[in-house]
Amino acid sequence: MAHILDYLEVTAITHADKPAFIGEAGFLTFAQLHDRARKTGAEITDRGIYKKPVVVFMQKSADMVAAFCGVVYAGCYYVPIDAEMPAYRIRQIFETTQPALVICDDTTLPLLSEWAQEKAWDASYEAVLFDDISAGALRESDVTALANIRRRAIDTDAVYVVFTSGSTGMPKGVTACHRSVVDYIEQLSTVLEVDEHTVFGNQSPLYLDACLKELLPTMKYGATTYFIPKSLFMFPVKLIEYLNEHHINNICWVASALGLVAGLNTFAKVTPYTLRTIAFGSEVFAAKHLNQWRTAAPDAQFIHLYGPTEATGMSLFYKLDRDFAEGDAIPIGRPFANTDILLFDENGNEPPPGQPGEICIRGTCLCLGYYNDPERTSATFVQNPRAPYADLMYKTGDLGYIGTDGNYYFLARKDHQIKHMGYRIELTEIEWVAMRIPGVQLACAIFDGETSRIILYYMGDETAPKSAVQAALKTQLPRYMMPQAIFPIPTLPQTPGGKIDRVQLLNQYRESVRATRKD
């Protein structure tokens, strides 16, 4: 039977004294991780909690990973949250999951108590400190209890509930099981060529599914993961120096994080000479930034990954095997083993090669749906119309096509496709054009439905003033795609996962419009 803790139980023996996860607060070896996780699981079990959601509210650290594993040892599923989330979002997560227990650290427990006193939500849960429930040795009764839980486990038992935002801003609790997680990690580890010598540099928060790319391959192979301090992503030179200092050889980052490093001329001062694998995804990666990375790290393998949280993680990959000119689209490649990709046009038919369709995914990788939300689950996890038997697929909401080379290509989010002046427009196309303009480092196009205006925000140096960018766009875009407002900005805002925060930009634009009207 597939169970994610099988990985840790092997490496806790084969790599007992090797550091597994290293962060600003310290590190845990594989043996320590195993011991603390099992003790945590036993303490949860002692409280009579089984097959229930347990919130893990801790700072990003090796201890947080141990808490995740401890929840799973108890036969429960973890719900990760972080203090950087807004309080209203945390409240929604609590209301949706009704956790049986909340595991905190010294920093987050006071926050939780403060919110409870303010009656931000019904505080009908027990909160405990991880240090209190993970310390000490297992009793014989604990060992027996944990063994009984494992014997009763099946591979469709839930592992975690990770909350992502929908287009409405309401969080969706994507629920994954052992079967989907193990299938994903087996395929991903092969693609990334992970082994015991791999040293990951983690960028994503631990409350997002993106962190699985480092956490579980580390446990599977006895590799090592460094939790890169978030502050370093504001100082690209120091960030690259950190990679070199710790001999990090594998990074799996969102494209905008890589683009920011390249766009700020970082490689004129320092090069990432320890990297051997550079994987990227989640957003469109401009070819000019990709080429800067390939020049700076000529011996590294570059891999484009694509996939949604609802399919556990990444579902397609492309190992870059040729050069890309500015403006070229980088393929998302072909599906992982044991994963199938289907395309459907607006009429529900399979589009011919080169024509767009919605990307749909089927296979063991699919998650169990949205927690306590059957309506949204049934809207996106649907019957495969090409199968005469029960066969679920997930509708990603992404548009893509098959190229003449047999690879899949990503076009845009369906909700980034707009109708303007009678034309259908892909906002990402405007961004691609903008980022080909000399001096433009990153760009984000948004659409304000209230005013029917296209707005472009961009980061650029002194060679890309607003007037020059506007003039260049006029020569490269048809009139109906031309942004009605263009704003240079020092830094594009990011979501906690490192993507460009389009919602914040839209709100920022609307606030500026309201302020102008008042004046």
Side-chain angles (χ1 to χ4, degrees), residues 19-24 27 60 188-189 191-205 210-211 213-215 217-218 221 223-305 314 317-324 326 328 330 435 441-442 459 461 491-492 494 497-500:
F21 300 102
I22 304 170
E24 293 179 275
F27 71 90
K60 185 176 183 178
L188 177 72
S189 297
V191 169
L192 297 181
E193 300 179 19
V194 181
D195 59 28
E196 65 179 325
H197 304 296
T198 297
V199 183
F200 287 107
N202 164 268
Q203 169 251 332
S204 66
C211 70
K213 292 194 293 292
E214 295 95 9
L215 301 193
T218 291
Y221 291 95
T224 298
T225 289
Y226 281 86
F227 297 133
I228 301 174
K230 185 178 179 180
S231 60
L232 289 183
F233 286 88
M234 302 297 293
F235 304 97
V237 172
K238 292 182 178 179
L239 173 62
I240 300 302
E241 290 173 343
Y242 181 94
L243 300 182
N244 292 338
E245 177 187 353
H246 297 290
H247 305 285
I248 291 169
N249 54 36
N250 191 310
I251 57 174
C252 306
W253 294 355
V254 294
S256 57
L258 294 170
L260 185 62
V261 171
L264 293 177
N265 203 29
T266 304
F267 300 132
K269 303 171 184 175
V270 62
T271 57
Y273 57 81
T274 63
L275 290 177
R276 75 177 190 214
T277 300
I278 300 173
F280 57 93
S282 300
E283 297 172 302
V284 174
F285 194 16
K288 72 175 181 180
H289 293 153
L290 166 66
N291 291 335
Q292 289 173 296
W293 271 94
R294 295 182 83 177
T295 300
D299 297 326
Q301 169 73 68
F302 286 77
I303 305 172
H304 192 187
L305 298 171
M314 298 301 179
F317 72 98
Y318 174 72
K319 294 188 175 183
L320 276 65
D321 56 3
R322 63 180 178 86
D323 294 332
F324 289 86
E326 288 194 23
D328 286 352
I330 303 168
M435 285 192 286
Q441 297 154 0
L442 286 176
M459 292 171 53
D461 58 30
T491 304
L492 286 168
Q494 295 180 332
K499 298 179 183 179
I500 296 173

Chi angles and distances behind the ring-ring contact (aromatic ring centres under 6.0 Å, His included) call for H304, F317: CA-CA 6 Å; H304 192 187; F317 72 98; over 10 Å; no
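- Within the 3.5 Å criterion, the main-chain N or O of N291 finds a donor-acceptor partner in the side chain of T295.
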Working for side-chain contact (heavy atoms from CB on, under 4.5 Å), residues F302 and I330: CA-CA 11 Å; F302 286 77; I330 303 168; over 6 Å; no
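- Contact detail for A300 and T277: the closest heavy-atom pair is CB-N, 4.5 Å.
- Annotation: side chain of F21 is in contact with side chain of L215 (closest heavy-atom distance under 4.5 Å).
- Atom SG in C211 sits 7.5 Å away from atom CZ in F227 (nearest 0.5 Å).
- When all heavy atoms are compared, the tightest approach of L442 to M435 is CA-SD, 3.8 Å.
- When all heavy atoms are compared, the tightest approach of G201 to I251 is O-CG2, 3.9 Å.
- Listed by chain and residue number, I303, K319 satisfy the side-chain contact (heavy atoms from CB on, under 4.5 Å) test with Q301 (two or more places apart in sequence, or in another chain).
- Here I500 contributes atom CD1 and T491 contributes atom OG1; the two are 11.5 Å apart, rounded to the nearest 0.5 Å.
- H246 and Y226 have tilted rings, their planes meeting at an angle from 30° to 60° on a 0 to 90° scale.
- In this structure, L290 CG and L258 CG are separated by 9.0 Å, a value rounded to the nearest 0.5 Å.
- The CG atom of N250 lies 11.0 Å from the CG atom of L243; values are rounded to the nearest 0.5 Å.
- Contact record, F285 with G259: CE1-N, 3.9 Å, taken as the closest heavy-atom pair.
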Assess whether side-chain contact (heavy atoms from CB on, under 4.5 Å) is satisfied between T218 and F200, documenting all intermediate values. CA-CA 8 Å; T218 291; F200 287 107; 3.4 Å; yes
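- Distance alone, capped at 3.5 Å, is enough to place a donor-acceptor pair between the T274 side chain and the I248 backbone.
- Proximity of I228 to Q203: side-chain heavy atoms (C-beta onward) are nowhere separated by under 4.5 Å.
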Hey, mind stepping through L192 and T198 against side-chain contact (heavy atoms from CB on, under 4.5 Å) and telling me if it holds? CA-CA 10 Å; L192 297 181; T198 297; over 6 Å; no
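- Judged purely by atom type and a 3.5 angstrom limit, N249 uses its side chain to pair as donor or acceptor with the backbone of H197.
- Of the inter-residue distances, the one linking T271 atom OG1 with E241 atom CD reads 10.5 Å to the nearest 0.5 angstrom.
- Looking at T224, T225, N202 one by one, the single match for side-chain hydrogen bond (donor to acceptor under 3.5 Å, both in side chains) with E214 turns out to be N202.
- For the residue pair P236 and T266, the shortest heavy atom distance occurs at CB-OG1, 3.1 Å.
- Nearest heavy-atom pair, H289 versus G263, reported as atom, atom and distance to 0.1 Å: NE2-CA, 3.9 Å.
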W253 and L260: side-chain contact (heavy atoms from CB on, under 4.5 Å), yes or no, with the steps? CA-CA 11 Å; W253 294 355; L260 185 62; over 6 Å; no
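- Note: C252 SG to L305 CG = 6.5 Å, rounded to the nearest 0.5 Å.
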